[in-house]
Amino acid sequence: MKSAPRSVTGATAGVSRQCIAIIDYGSQYTQLIARRVRESRVYCEIFPHDVTRAQLDAEGVVGLILSGGPSSVYDEGAPGIAADLLDGRLPVLGVCYGMHLMTHVLGGEVVAEGRREYGPAVVEITDHSGLFEGLGAEERAWMSHGDSVRTLPPGFHPIATTSRLVAAMSDGRNRYAVQFHPEVMHTPRGAEVLRNFLYRVCGCTGDWTSAAFVEEAVAELRATIGDRHALCALSGGVDSAVAAALVSRAIGDRLTCVFIDTGMLRKDEGKQVIATFGPRLRLVAVDASERFLGKLEGVTDPERKRMIIGEEFVRCFEEEATRSSAFGAVDLLVQGTIYPDVIESRSKDSKTSARIKTHHNVGGLPEIMSLAVVEPLRRLFKDEVRRVGAELGIPEDILWRHPFPGPGLAVRVIGAIDRASLDTLREADAIFLEELRAADLYRQVAQAFAVLTPVRSVGVMGDFRTYGSLVALRAVTTEDFMTADWARLPHELLERVSARIVNEVPAVNRVVYDITSKPPGTIEWE
Ligand code: XMP
């Protein structure tokens, strides 16, 4: 699944480093396999099932993992595999559908039992060499399948079983397959199974480290950018910060970063970005709050807010780009696209999926400015981006900052926006985050913030009646932001935050906690 439409450099699909190819058969866990492999310090990429041997050779592939997937090998048009990928020259690990496919292609028999097995199982390991080295006689494993293997392909023997089926098989050399999912947490020793495959079977050396990435990425960026100039919209978020720092290390002053204060940032965010990056990057900071707030006056519809901000952002960025003569020769735009964005945009079917909200980012920039895009992080997962950022010396509080939507606080002040309401929200939000950090819970939630609602309620403070605003607190746990659960924050913490907000933020007299998961809610309120 490699495609890089207008990207002039994609982040170092390194030729010198060992690569594991994960062949994607549509499992919801494919990305998870990739993350587990990377966590084992081995580089990997996800490929479509019609990838060829020559393509994999060009990437320095030393082993294959065939993912699971929803198909049955007997389905019409079921995804297959090039025969020369299973001929034993490359080590292979088939997972679930990958196991069925290997069995089917190599001459064994797969059967549809008619009843699915979904959930935990106990697996009896009968051969501890190779894949299962170091594991016990019995291990817990997570199953999720309909078909199963009845007859092994010639040359294969079972290496683990359950009371019902062959749970794993091997050819005694370098071809393995497992019916269960080693990549999920419910297979407690699954990471060891994968590590055994990588290190014992494929002979990986663990050469995927952030230091190695930085060194290679910098060399590649220098080679591809040459003496051209690049521009980067720095938002203060992790991804654009790390992308900018990396490109700046490669080309120094030929990278100019533009930081636009839309007036909808969190408390002290602008100051922090300027203090952090001002001394180390060529940074142009623009206070554009006046024009953004002007355009948004009286606007209440969330989608209109997003559209206005998106358009204004592009206009503002373009103006800054042309204003400075140093930008005369700019022909590249640096973006902080990361691997999950790349995977998701490939699989997104915009015709069939309903639009919940239009996520505005700086996506409109390259088309409008007709610049080619440099995406040095397009092969990295978020945790890897953070490690690379740490390697580049970016402070922890920037690296671990929760994601912040492109339209900023505009979608957290519900309804019409003005400076006063933004200031109120900023204060309430800062108190919430300060207390969350003090309780050492900031990193345990994926996102936490305050929302200012247009609801006004009656309260009493001292001997006086109050009539003030309602602030909602939102905190969620999630891996991928597609689904999320509300965070079970301690009541004492919520009590402290509520008391402080009501006492310290004059316009607010009531605080509520949002206990809606996603779905049916979304993470943001607008
Ligand atoms: P929702 O609200 O859709 O949010 O559940 C999922 C994640 O996306 C973020 N988000 C945005 N990010 N532009 C962005 O760059 C946007 O317009 C936008 N809207 C939501 C949200 O903060 C959460 O992390």
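Hydrogens, waters and symmetry mates play no part in the numbers below; they use all other heavy atoms, side chains included. Every number for a ligand or one of its atoms is a count from 1 in the order of the listing. All figures in this text were calculated on a predicted structure; none of them were measured in a lab.
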Trainee: For the ring pair Phe213 and Trp208, is the centre-to-centre distance below 6.0 Å?
Mentor: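 For Phe213 and Trp208, the ring centres are under 6.0 Å apart.
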Trainee: Which residues satisfy the salt bridge (Lys or Arg N to Asp or Glu O under 4.0 Å) test with Glu269, sequence neighbours excluded?
Mentor: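 For Glu269, the residues satisfying salt bridge (Lys or Arg N to Asp or Glu O under 4.0 Å) (neighbours in sequence not counted) are Arg266, Arg401.
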Trainee: Quick one: look at Pro407 and ligand 1, take heavy-atom pairs under 4.0 Å, and tell me if it's side chain, backbone, both or neither.
Mentor: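 Looking at Pro407 and ligand 1, just side chain atoms fall under 4.0 Å.
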Trainee: Minimum heavy-atom separation for Ile338 to Lys382, with atom names?
Mentor: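 Looks like CD1-CD, 3.8 Å.
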Trainee: Below the 3.5 angstrom mark, is there an N/O of Ile523, backbone or side chain, next to an N/O of ligand 1?
Mentor: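 Right, the criterion is met.
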Trainee: Among Glu526, Gln447, His402, Glu303, which one puts a heavy atom closest to atom 24 (O) of ligand 1?
Mentor: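 Closest candidate by heavy-atom distance is Gln447.
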Trainee: Just jot down the ligand 1 atoms closer than 4.0 angstrom to any heavy atom of Lys518, in number order.
Mentor: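 By the 4.0 Å cutoff, the relevant atoms are 1 (P), 3 (O), 5 (O), 6 (C).
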Trainee: Do you know the tightest heavy-atom contact between Ile523 and Phe449?
Mentor: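 That closest heavy-atom pairing would be O-CZ, 3.4 Å.
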Trainee: Please could you name the atoms of ligand 1 that Thr522 approaches to less than 4.0 Å, counting only its heavy atoms?
Mentor: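 The atoms of ligand 1 under 4.0 Å from a heavy atom of Thr522 are 1 (P), 2 (O), 5 (O).
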Trainee: Any atoms of ligand 1 less than 4.0 Å from a non-hydrogen atom of Glu524? List them with their elements.
Mentor: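 By the 4.0 Å cutoff, the relevant atoms are 2 (O), 20 (C), 21 (C), 22 (O).
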Trainee: Looking at residues at least two apart in the chain, or sitting in another chain, which of them share a side-chain contact (heavy atoms from CB on, under 4.5 Å) with Cys96?
Mentor: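 Counting only residues at least two positions away or on another chain, Cys96 forms a side-chain contact (heavy atoms from CB on, under 4.5 Å) with His145, Gln179, His181.
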